[in-house]
Structures are given as structure tokens and as C-alpha cells.
Peer 1: 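Here it is: the structure, laid out below.
The sequence lines fix the lettering, A, B, ..., with proteins before strands; numbering per chain opens at 1.
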Amino acid sequence: MLRETIQAALVEAVRGLGVDGEIPDLELGRAKVPDHGDYASSAGLKLARVLRQPPGQIAQRIAESVHVPDGAAAATAVGGYVNFRFRDEWLQGLVHRVIPGYGARDIGRGERLQVEFGSVNPTGPLHIGHGRGVTLGDSICRLLEFTGHKVQREYYVNSDNTQTRRFGASVYARLHGQEPPEGGYTGEYVIELADMARHDLPGIEKLSEEEAEPKVRMYAIDKMVEQIRATVARVNVRYDDWYYENKLWDSGLPQKAIDRLRATGNIKEREGALWFGEPDDEDDDRVVIRANGQPTYFASDLGYLLSRFEQRGFQRVVEVWAADHHGYVPRMKSAAAALGIDATRLVIILHQMVNLKEGKMSKRAGRFVTLDELIDRVGSDAVRYFYLLRSPDTTIEFDLELAATQGNENPVYYAQYAHARLSNVEATARERHGALPETADVSLLEQPWELEVARQLAFWPDVVEDATLLLEPHRIPYYVHDLATAVHRFYHAGNSQAEHRIVVDDLELTRARLELCRAARHTLKTALDLMGVSAPERM
RNA sequence: GCCCCGCUAGCUCAGUGGAUAGAGCAUCUGUCUUCUAAACAGAGGGUCUGAGGUUCGAAUCCUCAGCGGGGCACCA
């Protein structure tokens, strides 16, 4: 990967200037102005103090001595900056080296990690806010898998908590033709679930409430999980495991965690309940076992930590949560630490909410717009593209009217169209020319719009690395857009001047341009795959 | 009151402490006898919420303030 190579060359050149101690961050990054080249570093400015020399002079000496392997890029000093520009020959050669899966690097070295995402209470259909979590989590998994991590994708199914009990009670009430209890679930689907339960659980109505409620609840939860599974599959989201809370209780891990924390002084008894907190500080204490003997969700989460970090041995766990759970982050971190688990192994990604312009969502009232409805309206590809386009820190204001009327102006088509065009032109070449030379002479790729495509390809590994290390998939659609722009220009050059078409009479030239098409198409496909968006061959 | 996120072009948003702050949409002007016009070329549009501070250098880091959203349960 070139960025890393240049960074190393830069450091070596700085050593050559006689700097032995720690070298400050030389700020090697993408040059923002085309005149400055492709990568730029403020090395001269950074070292001015250490070397007690003018920045321009330092940059000059670095530019003269720096050795970029393979002659990949040329260095020039401008002011205190050292700028690097790709050499055409290197860009041409790169085109050959782009194969399917280009950009993958073994960053993870086989690290076993779990990504737990989308785990909403199975008490109703997924709405558009949940859609953000599942697509974000799924793309994080795809990135990690692409970069040498061993990923397990998990959905934690709450089944025994207050919310799911309320849900079960609501279905039970409907089963008997009654209104759901106070604070229960009132959606139409609850009535449907009651009808299904009546059919699938013969005699359920005759049982006492005490006997019937758990059966009805588990039945309804299973039905909801089934529905959630079907919904996420529509947006290409896959899970390895659906981990049920009741399995956790059966394992005894929550009790084991509590016992351990009691020994460390993190579990305290007060007002008839068990609390978790710092041994000598009551301020942030949270209830683990209620005064009535019932455990809270926090008790199960303690066990869940042990399940993953100890019993199943994940080196790292990534959790994707909606931002309304942010207050829970410090508690989970301190719980992990108290259990003897290095808290940095627990990575929590928060994403902001998804709002509708028309008004607030309310799950209980059943007025929400479901993820299924959204997919029906705009299609899976657009759903994923739009969710992933935003940084997790930004609230999405979903304009349903606009989303529903989207056509040409939809950015997902821009990227897909580039892929389809490339596929089409390759097919056209086969039709028109039949057999082409086996190998391409990439040195024939010398037009600026051709080299620009290659230049974009050169940046792809950087994007993959940054997105992986920062767990920020939104970098991918922005890259896809840049690459698609280069592709469209490359293609379009042939619209105004026939000799610049990809398929021309000159077989050697055609072959070279097809090689560029192939490289760009593979990279577009790879990037779209990471987003879970399809790469059509025809549109 | 405390905690989290945001505030960048008319709108929606990018932007690892670096040079002249970008994109899409919207608006306006051009380009199909064509390998796909779902495209391309171009134009206009900015007090990066405000005030201090750190730094050779701040949209970016720190402090304070404002506005918007979210959270502060023996719910999850």
C-alpha cells in the first residue's frame, strides 16, 4: 500500500537528516489541491523546531533524499511541505495489479471478534431507526471480514425482561379479547399474533395466566424474531447467531458474574436490592437484583460479558447501539473492568437517531414507519446507500416524500450506472472484436482521464484501511462516488471524440482500455459489496 | 442540573491540526448521427453558530455561551 510505503520512506529520509529521537507526526495525507500532487506532508514545518532550520530548507532536503520504492511517486518541496505525485508508469502498472478483492489487507491477523448489532427488543417490527443500526453493523462486519478479522455476527434476543414481559402480556390480553394492560403494546400486529397463537397453541386460552403467559410470550418473540430475520435479509444483512437471553440465564453466567463482583466489592446490598457500582461510591450505583428478587437487564448484561469475553473467548467485542443508550456506555465499561476484562476490548459504536420529517415515531402506538415499508418504497440498494452515507454521529432526517420519488437524482444509481457501463462496454468489445490480445500494454493508457481512474484506484486501499481502523463505513460511499466520477469521465471522453472511445479499431489500445475498465469494475464491485449494495451489469 | 451528538453553500451532508473549505440535490448555461444522456462540461452560491484561548498554522484541539436533538428507572 503506497501511503504506508511513502510514510516509511519519509521517516527514513528524516533519519538521514540526523534526527534520532522521536519523529513527530509528519501529517502525510491526501493533497487537497491538484497542484500539490497526490499525497502531501508538512514534514518541513513539523521538524523546523527540532532541527532549528527554516521549514523550506528541511522540506527541500527531504524531497531530494527521499526514496520512494519502485519509483511510484516523485517528491517535490513547496514551502515547508513535501509533496508526492504518482508517476504515470506506476499508475499504469497498478491497473494490472488490481484483481478481484483488491484493497483487502490483513489488518486483523485473524483476530476473533464479535460484532453485536441491531439487538432491539423483539416486541415489534423493525422501524427505520433500527434499519440504520443493522446496516451500519453489517457493513462494519463486511469491512472487518475483508481485512483479515474472524467475525461473529450476533443478535442478542431479549426474552425475559420487563419490555418483553409487557409484550407477552399484551398478546395474552388480545388472546382473551381484552385491551393490552397499561404501558403495553397496542399495535395491530399484536392482535394478529394473538390470532396466530390461538391457532398454533391449541388450548392456550384454557390455561391459567401464570402458565400461559410465558408460552405466549416465547411464541410471540419467536414470531417477531422470524419477522426481523426476514426483514434484515431484504437489505442483505446476515447474522451468525441469534443469542437468546433465556439461554444466558440457563448458563448461570449472570450469577457467576455477580459472585465475582461481590468479592471485589462492586456488588452491594442496600434497600433490599443488590447494586453494582464502585466499592466506595454510591452515586452511580445501579440495581442488579430488584428488591422483589427479580434481576434487571443489567444482571444479564454482566453474564453476557462473561459469555463473550471468557466462555466464547472473543478478543474484542464491537457493539452497535442507538445513541439513546449512550448513558449505558460508562456502566458497561466499568462493569467489564470490574470483571477483570480490559475495557478497551469492548468497543461501543453509537449512531444517532433517524427522524421522519412528518413527525416523531412512536413504537407503542404503532404509528411508526417500518423498515419493511421503507424498503418497499425505495428499494434495498437505496436504503443501504443512504444509511451508510451518513457519519453515525449525524442525525438522519429522513424525507420520505423525497425518498419515495427518487429516480435519476438518486446517488446510488450514479455508482451503479458506472459499474453497468463498464460491464456493458466490455461486452461490446467482445461482440465487436471477438478475440483480443491476451495481455494488455498498459503503457498505452496516457490520457489524463485514463490516468485519473488509475489514480482513484490507488487510493482505495487507504479508504479500506481508514474505514476499518475507525470502524467508519461511511467513507466507502464517498470513495465510490469519486471513483464513479472518474469512470464516467473516462467513458464520456469517447462521446465527444470517437478516438477516445474504449472500443476502437486499434486492438492493442482497446485491450489496454479494457484492462482499465476491468480494474475499475472490480474495485467498484468490491466497494459496493462492502456496503451491501448490488453492482448490476445492466441498467 | 448532569451526560452524549450536532451546528460548514438555499437544502442534505463530507472534511486523520496544514497550503486556495468540498460533494450531492436545487438553480442557471451548454453537450446525444455515439461503446448506455441514470452521463458529461461549465456558472452562481461560504462570517465553517458566537466569543476567547493553545499553535508557525484551527472548520478541526481547549474553555465559555447560544440553538437543535437525545439521555439521565428496581424500562431497555
Side-chain angles (χ1 to χ4, degrees), chain A residues 25 27-33 35-36 40-42 45-46 48-49 55 78-81 83 119-121 123 158 161-166 183 271-275 286-298 300-301 321-330 350-353 355 386 389-397 399 402 406-418 420-429 431-432 462 466 469-470 474-475 477-478 481-482 484-485 487-489 491-498 500-504 510 513 517 538-539:
Chain A
D25 184 3
E27 303 274 359
L28 179 70
R30 287 276 286 274
K32 286 180 181 158
V33 181
D35 284 350
H36 297 154
S41 156
S42 51
L45 293 158
K46 290 289 181 193
R49 184 167 301 163
V78 183
Y81 299 91
N83 297 333
S119 307
V120 296
N121 278 326
T123 54
N158 281 301
N161 60 26
T162 307
Q163 290 302 331
T164 51
R165 281 171 205 276
R166 269 182 200 159
E271 298 158 22
L274 286 189
W275 303 68
R286 298 294 158 180
V287 168
V288 179
I289 306 287
R290 299 182 179 96
N292 66 9
Q294 284 291 317
T296 66
Y297 64 93
F298 193 47
S300 56
D301 277 338
W321 294 350
D324 57 352
H325 287 64
H326 86 269
Y328 197 43
V329 173
L350 296 171
H351 66 81
Q352 294 298 316
M353 317 304 278
N355 295 324
F386 277 100
L389 194 57
R390 265 79 174 195
S391 149
D393 289 337
T394 304
T395 305
I396 295 179
E397 292 290 333
D399 187 338
L402 194 72
Q406 257 158 5
N408 314 5
E409 60 275 7
N410 193 329
V412 68
Y413 296 137
Y414 184 81
Q416 292 180 315
Y417 189 52
R421 269 186 153 173
L422 293 172
S423 304
N424 184 66
V425 78
E426 290 175 75
T428 303
E431 259 173 50
R432 186 167 311 171
D462 299 347
D466 293 344
L469 294 179
L470 298 169
H474 73 274
R475 291 164 182 274
Y478 283 95
H481 178 266
D482 289 345
T485 298
V487 165
H488 284 308
R489 280 186 188 150
Y491 183 93
H492 223 275
N495 277 7
S496 43
Q497 287 176 279
H500 292 139
R501 285 192 204 176
I502 293 159
V503 182
V504 288
T510 301
R513 287 174 177 166
C517 289
R538 200 161 278 282
M539 285 172 75

Peer 1: Expressed in whole Å, how much space separates the C1' atoms belonging to B:C35 and B:U8?
Peer 2: 40 Å
Peer 1: Using side-chain hydrogen bond (donor to acceptor under 3.5 Å, both in side chains) as the criterion, list what pairs up with A:Gln352, not counting sequence neighbours.
Peer 2: none
Peer 1: Quick one: is B:A38 close enough that its OP1 or OP2 comes under 4.0 Å of any side-chain N or O from A:Tyr417?
Peer 2: yes
Peer 1: Determine the interatomic distance between C1' on B:G50 and the same-named atom on B:C3; round to the nearest Å.
Peer 2: 23 Å
Peer 1: Mind checking the P distance from B:G45 to B:C5? Whole angstroms is fine.
Peer 2: 35 Å
Peer 1: What is the nucleic acid contact for A:His325, judged by heavy atoms within less than 4.0 Å: base, sugar-phosphate only, or nothing?
Peer 2: base
Peer 1: Sticking with atom C1', work out how far B:C13 lies from B:U29, rounded to a whole angstrom.
Peer 2: 26 Å
Peer 1: Does NZ or CZ of A:Arg421 fall inside the cone over A:Tyr491's six-membered ring, less than 6.0 Å from its centre and within 45° of the axis?
Peer 2: yes
Peer 1: In whole Å, measure the gap between the P atoms of B:A19 and B:U60 for me.
Peer 2: 13 Å
Peer 1: Looking only at atom C1', what distance separates B:C72 and B:C64, rounded to whole Å?
Peer 2: 23 Å
Peer 1: At under 4.0 Å between heavy atoms, which parts of nucleotides 16-22 of chain B does protein reach? Answer with one letter per nucleotide, 5' to 3': B base, S sugar-phosphate only, - none.
Peer 2: BSBBB--
Peer 1: Select base, sugar-phosphate, or nothing to describe what A:Arg501 touches, counting heavy atoms under 4.0 Å on all strands.
Peer 2: base
Peer 1: Are any protein N/O atoms closer than 3.5 Å to N/O atoms in nucleotides 6-10 of chain B? If there are, list each pair with its distance.
Peer 2:
none

Peer 1: If we take the P atom in both B:G22 and B:U55, what is their distance in whole Å?
Peer 2: 28 Å
Peer 1: Find the distance between CG (A:Asn158) and OG1 (A:Thr123) and round it off to the nearest 0.5 Å.
Peer 2: 9.0 Å
Peer 1: Side-chain N or O of A:Arg489 less than 4.0 angstrom from OP1 or OP2 on B:A41?
Peer 2: yes
Peer 1: Measure all distances between protein nitrogen or oxygen atoms and nitrogen or oxygen atoms of nucleotides 72-74 of chain B, and list the pairs falling under 3.5 Å.
Peer 2:
from, atom 1, to, atom 2, distance (Å)
B:C74, O3', A:Arg290, NE, 3.0
B:C74, O2, A:Ala291, N, 3.0
B:C74, N4, A:Glu271, O, 3.4

Peer 1: At under 4.0 Å, does any side-chain N or O of A:Tyr414 touch on OP1 or OP2 of B:C40?
Peer 2: yes
Peer 1: Angle between ring planes, A:His474 versus A:Tyr478, binned at 30° and 60°: parallel, tilted or perpendicular?
Peer 2: perpendicular
Peer 1: Using a heavy-atom cut-off of under 4.0 Å over every strand shown, decide if A:Asn158 touches base, sugar-phosphate, or nothing.
Peer 2: sugar-phosphate
Peer 1: Is A:Tyr491 touching bases, backbone alone, or none of the nucleic acid, heavy atoms closer than 4.0 Å?
Peer 2: base
Peer 1: With A:Arg475, which residues qualify under side-chain hydrogen bond (donor to acceptor under 3.5 Å, both in side chains), at least two apart?
Peer 2: A:Glu472
Peer 1: Give one of base, sugar-phosphate or nothing for A:Ala420, where a contact means two heavy atoms less than 4.0 Å apart.
Peer 2: base
Peer 1: What's the gap between B:U54 and B:G15 when it is taken at their C1' atoms, as a whole Å value?
Peer 2: 22 Å
Peer 1: From B:C40, B:G69, B:A14, pick the nucleotide closest to the side chain of A:His488?
Peer 2: B:C40
Peer 1: Which range-with-range stems can be found for RNA chain B when each stem has 3 or more Watson-Crick or G-U pairs in a row and both distances sit under 3.5 Å?
Peer 2: B:1-7 with B:66-72, B:10-13 with B:22-25, B:27-31 with B:39-43, B:49-53 with B:61-65
Peer 1: Would you mind telling me which of B:A14, B:C35, B:G69 lies closest to the side-chain atoms of A:Ser391?
Peer 2: B:A14
Peer 1: Considering heavy-atom distances to RNA chain B, does A:His492 or A:Tyr328 have its closest nucleotide positioned more toward the 5' end?
Peer 2: A:His492
Peer 1: Check the side chains of A:Thr164 and A:Asn161 for a donor-acceptor pair under 3.5 angstrom, ignoring hydrogens and angles.
Peer 2: yes
